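First up is the structure itself, then whatever we jot down about it.
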Amino acid sequence: MVLKMSKGLFITFEGGEGSGKSTQIKLLKEYFEKKGKNVVLTREPGGSEGAEEIRHILLKGGTDRWDKKTEILLFLAARRDHLTKKVWPALEKGDVVLSDRFHDSTVAYQCFGYGYDAKIETDILALYQFISDGFKPDLTIVLDIAPEKGIQRSKARLGNDEQRFEQMDLSFHQNIRQAFLTLARNEPERFIVINADQSIEQIHQELIIKLEERLNANSARAN
Ligand code: TMP
């Protein structure tokens with residue numbers, strides 16, 4: 001488990017397009033609120049005023065709007081703003097912060113999406129270190145679904161004009177799915193992987209069981 005410097009709990013949700021993250025995040029918010037916690041829901045790119053402005057230019061337009069490195073720098077600039085303005089202050093107060101995507105999305109999309117690139121991965125990790133000072137989520141939940149199913153769901157969302165990444169071809173999305181599974185295998189103490197090809201309620205129940213196991217194990221270890 002990651003060294004804990006804050007009083008709160010930071011949980012990130014990751015997965016491909018249309019994996020049902022936002023629905024599950026809302027259900028998890030209700031779960032923590034019933035336990036009397038103050039919960040902050042947030043998302044990336046975005047979550048703070050400056051980062052939402054960056055989101056706007058990142059997610060709209062054609063697939064080749066940004067050169068790959070410019071794109072990475074924009075995601076990381078947005079993340080720094082989000083951390084300093086929203087995530088860290090909330091954790092300092094002891095809140096539970098639930099974020100729809102975080103750093104693992106940058107590794108998956110920008111480093112594996114177009115075909116794995118070891119040099120880009122090293123650079124992304126160094127840039128992440130620069131903006132985060134080594135901070136990491138307490139837990140990361142991957143909602144795993146075949147991209148063929150996820151993209152269908154995601155494209156069906158009415159009024160969603162932020163589809164720059166949905167427009168990528170199937171192999172891009174297959175690479176991303178494998179990337180999240182690889183990241184989870186490499187850091188099993190931080191990740192929980194859930195099959196997202198189930199009903200909303202089944203996913204939520206599985207998530208709560210695994211989350212409670214993990215939080216109980218971590219608090220036992222801390223005592
Ligand atoms: P979403 O709100 O539907 O998850 O849209 C965010 C999009 O941005 C999604 O296609 C994934 C992509 N993305 C990256 O490519 N890199 C990142 O670091 C993050 C946070 C998101």
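First listed ligand is number 1; within each ligand, the first listed atom is number 1. Treat the numbers as computed from the prediction; the structure is a model and nothing was measured. For the single chain, residues carry numbers from 1 onward in sequence order.
Remark: distances from the non-hydrogen atoms of Arg101 to ligand 1 include one below 4.0 Å. Contact annotation: Lys21 has at least one heavy atom less than 4.0 Å from an atom of ligand 1.
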What pairs of donor and acceptor atoms, side-chain ones from residues 35-50 against any protein atom, are under 3.5 angstrom apart with sequence neighbours left out?
{"residue": "Asn38", "atom": "ND2", "partner": "Asp95", "partner atom": "OD1", "Å": "3.1"}
{"residue": "Asn38", "atom": "ND2", "partner": "Asp95", "partner atom": "OD2", "Å": "3.3"}
{"residue": "Thr42", "atom": "OG1", "partner": "His82", "partner atom": "NE2", "Å": "2.7"}
{"residue": "Thr42", "atom": "OG1", "partner": "Lys86", "partner atom": "NZ", "Å": "3.4"}
{"residue": "Arg43", "atom": "NE", "partner": "Glu52", "partner atom": "OE2", "Å": "3.0"}
{"residue": "Arg43", "atom": "NH2", "partner": "Glu52", "partner atom": "OE1", "Å": "2.7"}
{"residue": "Glu44", "atom": "OE1", "partner": "Arg79", "partner atom": "NE", "Å": "2.5"}
{"residue": "Glu44", "atom": "OE1", "partner": "Arg79", "partner atom": "NH2", "Å": "2.8"}
{"residue": "Glu44", "atom": "OE2", "partner": "His82", "partner atom": "ND1", "Å": "2.8"}
{"residue": "Ser48", "atom": "OG", "partner": "Ala51", "partner atom": "N", "Å": "3.4"}
{"residue": "Ser48", "atom": "OG", "partner": "Asp81", "partner atom": "OD2", "Å": "2.6"}

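Looking only at side-chain heavy atoms (C-beta outward), Phe130 and Arg80 stay at 4.5 Å or farther from each other. Between Val142 and Asp104 the shortest side-chain heavy-atom distance does not fall below 4.5 Å.
In Leu59, the part holding a heavy atom less than 4.0 Å from any atom of ligand 1 is the side chain. Neither the backbone nor the side chain of His82 comes within 4.0 Å of ligand 1, counting heavy atoms alone. At a heavy-atom distance under 4.0 Å, no atom of Ser154 approaches ligand 1.
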> Is there a ring-ring contact (aromatic ring centres under 6.0 Å, His included) between Phe102 and Phe10 once you walk through the steps?
Replying inline: CA-CA 11 Å; Phe102 191 62; Phe10 185 43; 5.1 Å; yes
> So Glu201 and Gln205, side chain to side chain donor-acceptor pair (under 3.5 Å) or not? Walk me through it.
Replying inline: CA-CA 6 Å; Glu201 195 45 40; Gln205 290 308 327; 2.7 Å; yes
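Distances below 4.0 Å separate heavy atoms of Gln110 from the following atoms of ligand 1: 14 (C), 15 (O), 16 (N), 17 (C), 18 (O). Residue contact check: Arg79 has heavy atoms under 4.0 Å from atoms 18 (O), 20 (C) of ligand 1.
A side-chain donor-acceptor contact under 3.5 Å links Thr12 and Thr140.
Residues Leu207 and Gln24 share a closest heavy-atom pair of CD1-OE1, 4.2 Å.
Residue Phe75 holds the heavy atom nearest to atom 21 (C) of ligand 1 of all those in Phe102, Phe75, Phe13. Nearest-heavy-atom check against atom 9 (C) of ligand 1 across Glu17, Met168, His103, Glu44 picks out Glu17.
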